[in-house]
Student: 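Submitted below is the structure of interest, expressed as structure tokens.
Residue numbers begin at 1 in each chain, while the letters A, B, ... track the order of the sequences. The shown structure was predicted, so the numbers you read here are calculated from the model rather than taken from an experiment.
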Number of protein chains: 2
Amino acid sequence: MKEGPDIALLGSLIGDPARANMLTALMSGKALTASELAAEAGVTLQTASSHLKKLETSELLRQRKQGRHRYFSLADDDVGAVLEALMGLAAKRGLVRTRTGPKDPALRKARVCYNHLAGELGVQMFDSLQARNLVSGDADHVALTRAGENFAVEFGIELENLKKSRRPVCKPCLDWSARRNHLAGSLGTAMLSRIHDLGWAKRLDDSRIVAFSQAGEAAFLKAFPI
Amino acid sequence: MKEGPDIALLGSLIGDPARANMLTALMSGKALTASELAAEAGVTLQTASSHLKKLETSELLRQRKQGRHRYFSLADDDVGAVLEALMGLAAKRGLVRTRTGPKDPALRKARVCYNHLAGELGVQMFDSLQARNLVSGDADHVALTRAGENFAVEFGIELENLKKSRRPVCKPCLDWSARRNHLAGSLGTAMLSRIHDLGWAKRLDDSRIVAFSQAGEAAFLKAFPI
DNA sequence: TTCATAGTTCGACGTTAACCGAACTATTCT
DNA sequence: AGAATAGTTCGGTTAACGTCGAACTATGAA
């Protein structure tokens, strides 16, 4: 990463294999943690941290803290466009690489994110709530609407109790497999708990997988339609 | 220039300051000799030779021998497009050389992008063609409509000749200053050439600036209205 | 032929930056 | 509170690559 004019700096940033691997991984659109990116690049966490710092200070990446995780994603569409162009040129030159395979499909579908539901079903729940105007707000700040409060109570959530706590009721949480948001906060926890109580799903030991039964998934999809 | 997958190799090639300077110089569209490129990069001839070899074997540059001179130029339009995109990103990140002279606004307005017109006027030309349904297609794939073909011929383009070549007639190219597209491909080259022939603009030496005369700009704006 | 210009190849040097171990902070789980 | 997980910072080592001097090839001019 030498000193240099204009495009040289960008080129050297992209030119390091470890950083190139990270950027390529982030081209999926997902936000990834430092550890995941380290694994993706095949370097230790310390080395990855150093790379990520450089990529962030040069505004190729942006970071969002979430608990003890740091989620990295491409800074904006322009970065993606440039990488896409580079990959296209590389492909034409016959320099393509075979990318690594997908991860555990069950984890992808539904899993616990600390204390709330994540994965495809978690994202779908959040999308459904938003589409029906049961929650409102932008990507960083979410709240239940009046209709949403009624819905929650009908679903079996003791909403008044949640409100008493200092912990935020609604919070968006960036998803691990999809890059979309899902529902965190005390409501997120309560929803997952209620899903267990209803017998829709069970937690598997030694895993973050949330295993829905057939009937449970059907009921879930009916309760949270797209 | 480390070993590495896909984009890392390209990145490291562009990432060296000397090579970046060479590539930038070649973005003017002119073919330059090894000595000229060495001077441009601020290195000795031996060093330049080494760089040029790398750029050539990775097919970013091509070489034509002419007597005891070797003329280098960008390998194809794709290389130019990638460099243009990188320059745009660098500009947005404020990583551009601080040497912003009086040239800067002129460059923004109209410049050569390898072999076709870029800058505000380049974007306007493309927008105008699109708005009047003379070209059609999405961001990645563009083509002349029937009306567009007539327009091109009337403008003085020998369209039949262009069609014979394997090179694409119409291609979009992402702009450096605006983030919009402008027209590349053999038609883009021909249009710029025609603009010169009409006397609307002249190329300045040692620069990518396309200098329109007052009358030339007026005629251009009339030919490509928004 | 002889000289000059254009460019390549080789070898050695020096700078740079990626890398990891170890120690440190921060957040969460029990 | 204590253990565990996630990530950062620091320092020293190592390997890579750009750089140039010198010697070499090739084309053109006198």
Student: When you check the phosphate oxygens OP1 and OP2 of D:dT5, does a side-chain N or O of A:His69 lie under 4.0 Å from one of them?
Tutor: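 Looking at the OP1 and OP2 atoms of D:dT5, neither is under 4.0 Å from any side-chain N or O of A:His69.
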
Student: Starting at atom OH of B:Tyr71, determine the distance to atom C1' of D:dT27, rounded to an integer number of angstrom.
Tutor: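 Interatomic distance, OH of B:Tyr71 to C1' of D:dT27: 14 Å.
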
Student: In terms of relative ring orientation, are B:His116 and B:His182 parallel, tilted or perpendicular, with 30° and 60° separating the classes?
Tutor: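 It falls in the tilted class, 30° to 60°.
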
Student: D:dA4, OP1 or OP2 - any side-chain N/O from A:Arg68 closer than 4.0 Å?
Tutor: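 It does not, given that no N or O in the side chain of A:Arg68 lies less than 4.0 Å from OP1 or OP2 of D:dA4.
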
Student: Could you state the atom-to-atom distance from CZ of A:Arg64 to P of D:dG7 in whole Å?
Tutor: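 Checked: the CZ to P distance equals 15 Å.
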
Student: Among the nucleotides C:dT9, D:dC20, C:dC20, which one has an atom lying closest to any side-chain atom of B:Lys53?
Tutor: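 The answer is C:dT9, which lies nearest to the side chain.
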
Student: Specify the separation, in whole Å, of atom CD1 of A:Ile14 and atom P of C:dA18.
Tutor: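 Going from CD1 in A:Ile14 over to P in C:dA18 covers 14 Å.
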
Student: If you look at every strand shown and take non-hydrogen atoms under 4.0 Å, does B:Ala18 touch a base, only sugar-phosphate, or nothing?
Tutor: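 Sugar-phosphate contact only.
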
Student: Please state how far atom CD in A:Gln46 lies from atom P in C:dA23, giving the value in whole angstrom units.
Tutor: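 My rounded result for the distance is 13 Å.
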
Student: Would you indicate what A:Thr47 reaches in the nucleic acid, counting non-hydrogen atoms under 4.0 angstrom: base, sugar-phosphate, or nothing?
Tutor: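 Base: the residue A:Thr47, judged by heavy atoms under 4.0 Å, touches a nucleobase.
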
Student: Taking only side-chain nitrogens and oxygens of A:Ser35, does any of them come within less than 4.0 Å of OP1 or OP2 of D:dG7?
Tutor: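 Affirmative; the distance criterion is met.
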
Student: Taking NE2 from B:His51 and P from D:dC20, how many angstroms apart are they, rounded to a whole number?
Tutor: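 The answer, rounded to whole Å, is 9 Å.
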
Student: Go nucleotide by nucleotide along DNA chain C from the 5' end; which of A:Thr44 and A:Lys65 gets its closest nucleotide reached first?
Tutor: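 Here A:Thr44 is the residue nearer the 5' end.
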
Student: Starting at NZ of B:Lys54 and ending at P of D:dT19, how long is that distance when rounded to a whole Å?
Tutor: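 From B:Lys54 NZ to D:dT19 P: 9 Å.
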
Student: State whether B:Glu56 and B:Arg70 are salt-bridged, where the test is any N-O pair (Lys NZ or Arg NE/NH1/NH2 against Asp/Glu carboxylate O) under 4.0 Å.
Tutor: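 B:Arg70 and B:Glu56: not salt-bridged.
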
Student: With a distance cut-off below 6.0 Å to the six-membered ring centre and an angular limit of 45° from the axis, does A:Arg132 pair with A:Phe151 as a cation-pi contact?
Tutor: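 Positive - A:Arg132 is close enough to the ring of A:Phe151 and near enough to its axis.
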
Student: In whole angstrom, what separates A:Leu37's CG from C:dA18's C1'?
Tutor: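 Taking CG of A:Leu37 and C1' of C:dA18, I get 17 Å after rounding.
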
Student: Just checking B:Thr33: base, sugar-phosphate only, or nothing, at a heavy-atom cut-off of under 4.0 Å?
Tutor: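 Sugar-phosphate contact only - B:Thr33 comes under 4.0 Å of backbone atoms but never of a base.
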
Student: Can you find a side chain N or O atom of A:Arg70 that sits less than 4.0 Å from OP1 or OP2 on D:dT8?
Tutor: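 So the side chain of A:Arg70 is within the cut-off, an N or O lying under 4.0 Å from OP1 or OP2 of D:dT8.
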
Student: Please round to the nearest 0.5 Å and tell me the distance separating atom CG of B:Asn21 and atom CG of B:Leu37.
Tutor: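 Atom-to-atom, B:Asn21:CG and B:Leu37:CG are 10.0 Å apart.
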
Student: Could you tell me how far apart B:Leu45 (CG) and C:dT8 (P) are, to the nearest whole angstrom?
Tutor: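 Going from B:Leu45 (CG) to C:dT8 (P), I get 7 Å.
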
Student: Report the nucleotide, chosen from C:dG7, C:dC19, D:dT5, that has the shortest atom-to-atom distance to any side-chain atom of A:Asp16.
Tutor: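 Among the listed nucleotides, the one closest to the side chain of A:Asp16 is C:dC19.
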
Student: Can you tell which of C:dT8, C:dG7, C:dA18 lies closest to the side chain of B:Gln63?
Tutor: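 From the listed options, C:dT8 comes nearest.
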
Student: List the steps, then state whether side chain to side chain donor-acceptor pair (under 3.5 Å) holds for B:Glu36 with B:Thr33.
Tutor: CA-CA 5 Å; B:Glu36 289 168 328; B:Thr33 66; 3.3 Å; yes

